[in-house]
Amino acid sequence: MEKHPGSLCINPHPLNIWKTQEVYSLRMLRSREKMERENMEEHNQSKKRLRVCVATCNRADYSKLAPIMFGIKSHPEDFELEVVVLGSHLIDDYGNTFRMIEQDDFDIGSKLHTIVRGEDEAAMVESVGLALVKLPDVLQRLRPDILVVHGDRFDALALATAAALMNIRILHLEGGEVSGTIDDSIRHAISKLAHYHACCTRMAEQHLIAMCEDHCRILLAGCPSYDKLLSTHHREDYMDIIKSWLGDKVQERDYIVALQHPVTTDIQHSIKIYGLMLDALLSFNKKTLILFPNIDAGSKEMVRVMRKKGIEQHPNFRAVKHIPFEQFIQLVCHAGCMIGNSSCGVREAGAFGTPVINLGTRQTGRETGENVLHVRDADTQNKIYHALELQFGKRYPCSKIYGDGNAVPRILKFLRTIDLDEPLQKTFCFPPVKDPISQDIDHILETQSALAIDLGGTNLRVAIVCMRGKVVKKYTQPNPKTFEARMHLILKMCTDAMRDAVCLNCRILGVGVSTGGRVNPQEGVVLHSTKLIQEWSSVDLRTPISDALHLPVWVDNDGNCAALAERKFGHGKGVENFVTVITGTGIGGGIIHHNELVHGSTFCAAELGHIMVSLDGPDCSCGSHGCIEAYASGMALQKEAKRLHDEDLLKVEGMDMKLSEPITAAHLISAARMGNSKADAILNKASTALGVGIINILHIVNPSLVILSGVLASYYQAPVQRIISERALLSAQSIKVVTSDLEEPALLGAASMVLDYATRRIY
């Protein structure tokens, strides 16, 4: 072949082609790796760790903040923790409590000496000013995404003020609460500066909404200290802890914990109360662990009173500046009583059922369990001494008003949802238009509910019941014949329901129990049982259920529960005076008078089935004769139906009866409707007996409404209304008789005791 002059002839070799392809593939691989690295960097940048600064001012707020700090520290992939310590943590007279933070293995980023000594009003103001001078440098250096502030102390007000002015987002813990002193003003001021809120109770949430805070930024979390408190207070070494602080001779529930702080709006009066408390404790002559007051104005004078009375040298007293929170829990849990005005008494002590005496006005605005006895006007030593006599050594139902042990997971989840790109400027809701319904972190409604128990002669039933009276879930088992088996089954069913309640997004507030027999609702004790429930007299139901579930427990008779159910959910809603009559296996009921349930002096009021309507009537199960129940109950009608059947007088033409079918009251009613004159006569006598008995009730308590409940209610309604119109006094003849629309009156009534109960007591 002839080559063109000047042309270049390249003859490609296979090896050259292979090398070219290899170079191209390598470049493409490196390009892909580079793109993946860039994408990973972008993803990491988009998932920036939230820089959280937790500022703690004193021993009390650290007990609430520490669980959150541990939670943040355990998730380093999501959070970066900075700790700032200021206030009384750094003062020797108050125990140098910053050391316990170091012992918990937290790195303290900054320690700020912000307290101006003097312990008067001016010193508190100067301390706030000093904190405001020092905080900007610290916050500018740390540059947190969010600052966590707790409570209502003047130090916390300085923190919130500095952060708000430096455009740092603020999460405020325990806002919306009311205690009754200057603390309220400080707490609400911090809430107005804060961007986010983690509150402890539904009432606190309602207060925040009423203060025009955005409901979407309010988390009903519960108190963080309850997370640690509920999981660790059952320690085996609690007696070692008690003896280490109070000596080897002290016994469980035979000592007092005293903690009284000054009230800055009335310092002199609070000092006087402190002196009277010490005098009462000296006279009461029990081992007492007394903690020094906090650093508020007036604390120096209170310490002088304590030393003047020789408390630190007295053999019955142990005066201390600080106790680690884990040990303090044990001391409060097993104390015979706690006295003073510390928030611990109305909050943490309720979780153990420890009796508390709250002196003065410092905490009287707070929600409390029934373990708290308020002595607001503590103006004499005798009054405080009498309160000690009333409370010392008692035990109350455990209360979960302030938390259920799951606050920290909720708060951490809430922190993860904070969008740092959204506008920093707060918005307020004027006026509050949202119904104050709690939201959990996923903005799914967490329904406040009750656990209801119904102990019947045949079945044992447990249900989760929400505020609106809806049975969310129900559990049914045959009622065991022995006490031990019955209690074991109750606790198992309740435990299962509590577990399911979490999945159903229901927060259980307490347990209500409906049971047959005579009940002392004040003590939660079944005094005497019906014959249908064996081994069920002199039974304390409240204590074992409360101890197992850590919830308050209410117990009442099934008839009373039916009346309560009607008052809250049924025809009795909004009616001041009415009577509920249960027409079932037996005859029972309840009386609502002036919106209150009537129990009577020995808890046997409203035994409606045992009103005598005849002097020589049939025998009754109560041992008497001629009672309504002996005529009109399901058992009485069944007895008559069997008698007619045995005499071959029950069945009429067209009546469908199987040979193996047990004879019941329903057969008697069916026979009467199909023309059986003897069955009709028996039912007329039963209706007359019930009607006359109800007329007696009308003439005694004069209700405006009668509600018939139970399986026989629909049959008895018309005859009873007719008998009233014929035989009652003229003024009572127009009283209406209606049948209940409630399918589960016993369960709903048991739930209503929980949902409606007001726990605060005033002395």
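Heavy-atom basis, side chains included; hydrogens, waters and symmetry copies ignored.
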Task: R410/D227 ion pair, N-O < 4.0 Å - done: no
Open item on the list: Test of understanding: with side-chain hydrogen bond (donor to acceptor under 3.5 Å, both in side chains), list the residues that count as partners of S299, not counting sequence neighbours.
Closed with: Y94
Task: Qualifying residue for side-chain contact (heavy atoms from CB on, under 4.5 Å) with H269, from I273, I267, T265 - done: I273
Open item on the list: Using a 3.5 Å distance criterion without hydrogens, assess whether the side chain of K64 forms a donor-acceptor pair with backbone atoms of C223.
Closed with: no
Task: Closest non-hydrogen atom pair, V138 against S110 - done: CG1-OG, 3.4 Å
Task: side-chain contact (heavy atoms from CB on, under 4.5 Å), paired with I115, selected from L90, L86, I295 - done: I295
Open item on the list: Quiz question: by atom type and distance under 3.5 Å, do the side chains of N58 and S88 form a donor-acceptor pair?
Closed with: no
Task: Mutual orientation of the aromatic rings belonging to F70 and F106 [parallel < 30°, tilted 30-60°, perpendicular > 60°] - done: tilted
Task: Greater than 12 external heavy atoms within 6.0 Å of K272's NZ - done: no
- [ ] Heavy atoms only: give me the nearest G176-R187 pair and the separation to one decimal.
- [x] N-CD, 4.2 Å
Task: Counterpart residues, side-chain hydrogen bond (donor to acceptor under 3.5 Å, both in side chains), relative to T354 (two or more places apart) - done: R395
Open item on the list: Within the 3.5 Å criterion, strictly below it, is a donor on R362 or S270 matched to an acceptor on the partner's side chain?
Closed with: no
TODO: Specify the closest pair of heavy atoms between L142 and C53, including all atoms of both residues, with the distance to one decimal.
DONE: CD1-SG, 4.2 Å
- [ ] Identify the heavy atoms of G340 and M277 that sit nearest to each other, and give their distance.
- [x] CA-SD, 4.2 Å
Open item on the list: Among residues at least two apart in sequence or on other chains, which ones pass salt bridge (Lys or Arg N to Asp or Glu O under 4.0 Å) with K426?
Closed with: E213
Open item on the list: For a quick test of reading the model, state the closest non-hydrogen atom pair linking G175 to A204 and the distance between them.
Closed with: O-CB, 3.6 Å
Open item on the list: Quick one about H150 and E174 (side-chain donor to acceptor, distance below 3.5 Å, no hydrogens or angles considered), yes or no?
Closed with: yes
TODO: Supply the atom-to-atom distance I271 CD1 to E301 CD, rounded to the nearest 0.5 angstrom.
DONE: 4.5 Å
Open item on the list: Tell me which one of Q363, Q260, E348, H261 satisfies side-chain contact (heavy atoms from CB on, under 4.5 Å) with S342.
Closed with: H261
TODO: Flag the pair E177 / R347 as yes when at least one side-chain heavy-atom distance between them is below 4.5 Å, and no otherwise.
DONE: yes
- [ ] Fit a plane to each ring of Y196 and F414, take the angle between them on a 0 to 90° scale, and name the class: parallel (under 30°), tilted (30 to 60°) or perpendicular (over 60°).
- [x] perpendicular
TODO: Look only at the side chain of D61 and the backbone of T56, and say whether a donor-acceptor pair between them is shorter than 3.5 Å.
DONE: no
TODO: Look at atom CD of E422 and say whether more than 12 heavy atoms of other residues, nucleotides or ligands are closer to it than 6.0 Å.
DONE: yes
Open item on the list: A quick test of your reading: do over 12 heavy atoms of other residues, nucleotides or ligands sit less than 6.0 Å from CZ of R143?
Closed with: no
Task: Nearest heavy-atom neighbours spanning G403 and L230 - done: O-CD1, 4.3 Å
